[in-house]
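The block underneath contains the structure these notes are about, expressed in structure tokens.
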Amino acid sequence: MTSKGRVTIREVAERAGVSMATVSRVLSGNHPVPASTRARVLRAARDLDYVANAHARALVGGGRKMVAVVLRQVTSPFYAQVAEGVEAEAAARGWLCLVGTTGGDPGRELEFVQLMREEGARLVILVGGVVEDDAYRERVAHYAQALASAGARLVLCGRPAPDPDIPALVVEFDNEAGARAITGHLLSAGHRRIVFLGGLPGNTALDARVAGYRAALAEHGLGPEAAHVVDCGLGRAAGHRAMTELLKAGGDPGPGDTATPDTAPARFTAVFAGDDMVAAGALRAIADAGLRVPQDISVVGYNDIPLAEDFNPPLTTVRTPAEELGRAAVRIALRDPEHAAGAHHLLGTHIVVRDSVQPPPPGREDGGSTPV
């Protein structure tokens with residue numbers, strides 16, 4: 001899709017060698033048209049990347065007040081809460097909401113966005129952190145321009161825009177500030193050996209959390225060597241596996257910015273999990289090793305999913321406004337459609353203090369051996 005402007009029905013008619021009225025009949029599907037003519041029109045529309053203007057269709061009663069939200073998965077509590085927020089705000093305004101999942105496959109994402117463009121969705125909302133590489137930048141620019149050409153709008157929810165000039169609205173929360181605050185909470189409790197569990201290099205959300213973690217360590221006078229990031233990714237299984245390996249690891253890898261589970265420091269007193277599901281896996285692994293939280297190891301998470309307060313012990317974490325993120329994505333996009341594209345809205349976060357943090361055990365404030 002190019003950015004030269006919207007393809008018109010006249011251009012489709014000229015390409016197909018038929019009248020504009022015939023093109024309209026074919027595309028509306030409301031009138032009988034010879035099969036050969038229909039095929040010619042549809043081929044011309046496809047070749048020209050023509051999509052009927054959603055706003056124009058609304059004026060004649062054919063438009064749909066439809067929002068599409070595209071997620072990596074619906075089993076994640078965070079994604080589910082965002083989708084719930086989108087649906088609630090859409091329903092309150094009399095709009096329909098469709099949910100699609102990609103499993104992280106860019107091809108499926110492209111297919112879903114294109115389908116929603118063809119079906120006349122007014123808003124297409126992409127949710128969650130991504131690896132922001134050249135392929136992603138090109139893909140999102142294509143989405144934004146293609147949707148804009150069809151009278152629709154792209155909303156990036158919980159992820160940044162790769163280019164401020166593309167016609168997309170960004171609604172996200174401050175991942176770095178939340179991570180800095182929760183790391184500061186551990187440091188204020190006396191912890192100096194804190195492992196970040198759940199890194200995923202290149203992922204926009206997790207990179208920001210790692211940056212906040214490093215910034216908090218520096219603010220408390222700790223050098224770069226104090227940071228230990230375990231790049232195990234997200235999910236309960238990843239957290240359990242990485243935590244199990246951490247507890248089995250012997251010795252300290254010495255100075256360095258990152259570590260794998262089998263080389264990360266055994267002498268740690270606290271774990272900052274990249275999200276609450278990683279924390280859930282870490283809690284299970286710690287219990288399996290015969291250790292206690294927070295008496296032996298303190299653990300904090302990120303997102304404050306509904307089950308976080310039911311963990312054993314209840315989890316101290318960063319509350320991200322997941323449902324409000326979804327609501328805001330719809331509300332802001334519809335409130336000011338002329339100026340929403342290209343705008344950036346940042347929501348705040350805050351710490352929820354529960355029972356998973358206490359000062360390090362006596363003698364281990366500076367990183368004495370973790371009992372196993």
Side-chain angles (χ1 to χ4, degrees), residues 71-73 75-82 102-104 106 109 126-133 135-137 140 156-162 170-186 194-218 224 226-243 245-246 256-261 264 270-282 299-305 308 315-322 325 346-349 351:
L71 315 164
R72 183 184 183 90
Q73 58 189 31
T75 53
S76 161
F78 171 77
Y79 285 124
Q81 285 183 285
V82 174
T102 68
E109 183 180 81
L126 305 183
V127 182
V130 292
V131 174
E132 193 175 1
D133 55 15
Y136 169 75
R137 295 184 190 95
V140 168
L156 302 177
C157 192
R159 64 170 74 176
V170 176
V171 183
E172 59 180 337
F173 49 83
D174 198 335
N175 270 301
E176 184 170 345
R180 189 166 62 246
I182 198 76
T183 306
H185 179 71
L186 290 170
I194 304 168
V195 173
F196 185 97
L197 192 70
L200 189 60
N203 181 279
T204 52
L206 289 171
D207 280 354
R209 293 174 197 178
V210 170
Y213 159 75
R214 294 185 190 278
L217 295 177
H228 295 280
V229 179
V230 178
D231 293 328
C232 65
L234 298 181
R236 183 187 180 280
H240 184 273
R241 181 172 57 252
M243 191 71 223
E245 294 178 14
L246 274 175
D257 291 338
T258 62
T260 58
V271 173
F272 174 8
D275 74 0
D276 293 343
M277 295 307 293
V278 173
V299 177
V300 299
Y302 209 102
N303 283 337
D304 193 30
I305 64 174
L315 185 67
T316 293
T317 185
V318 176
R319 176 168 294 170
T320 57
L325 196 68
L346 193 66
L347 307 183
T349 61
I351 297 175

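Along the sequence shown, the residues carry numbers beginning at 1.
The nearest pair of heavy atoms linking S76 to Q73 is CB-NE2, 3.3 Å. Minimum interatomic distance between V299 and A279 (heavy atoms only, all atoms of both residues): CG1-CB, 4.2 Å. Residues G199 and V229 come closest through the heavy atom pair CA-CG1, 4.2 Å. Minimum heavy-atom separation, A238 to C232: CB-O, 3.4 Å. The nearest pair of heavy atoms linking A181 to I351 is O-CD1, 3.3 Å. Residues N175 and A208 share a closest heavy-atom pair of CB-CB, 3.6 Å.
Classified by interplanar angle (parallel below 30°, tilted 30° to 60°, perpendicular above 60°), the ring pair F196/F272 is perpendicular.
When each of T320, D276, T317 is checked for a side chain to side chain donor-acceptor pair (under 3.5 Å) with N303, only T320 meets the rule. If you run side chain to side chain contact (heavy atoms under 4.5 Å, CB included) between C157 and each of V82, V170, L71, only V82 comes through.
If you take CG on L126 and CZ on R72, they are separated by 13.5 Å, rounding to the nearest 0.5 Å. The structure places CD of E172 at 6.0 Å from CG of L346, a figure rounded to the nearest 0.5 Å. To the nearest 0.5 angstrom, R180 atom CZ is 14.5 Å from R209 atom CZ. The structure places CZ of F173 at 13.5 Å from CZ of R319, a figure rounded to the nearest 0.5 Å. Note that OG1 of T349 is 11.0 Å distant from CG of D304, once rounded to the nearest 0.5 Å.
With hydrogens and angles disregarded, no donor-acceptor distance shorter than 3.5 Å links the side chain of D174 to the backbone of G348. The main-chain N or O of G128 is found under 3.5 Å from a side-chain atom of R159 such that the two form a donor-acceptor pair. In this structure a side-chain-to-backbone donor-acceptor pair under 3.5 Å is missing from Y302 to I182.
Between F78 and L325 there is a side-chain heavy-atom pair separated by less than 4.5 Å.
The side-chain contact (heavy atoms from CB on, under 4.5 Å) search around L234 returns L206, D275, V278, not counting sequence neighbours.
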Before you tell me yes or no, could you show the steps for L246 and L197 under side chain to side chain contact (heavy atoms under 4.5 Å, CB included), namely the whole-Å CA-CA distance, both residues' side-chain angles and the distance that decides it to 0.1 Å? CA-CA 10 Å; L246 274 175; L197 192 70; 3.7 Å; yes
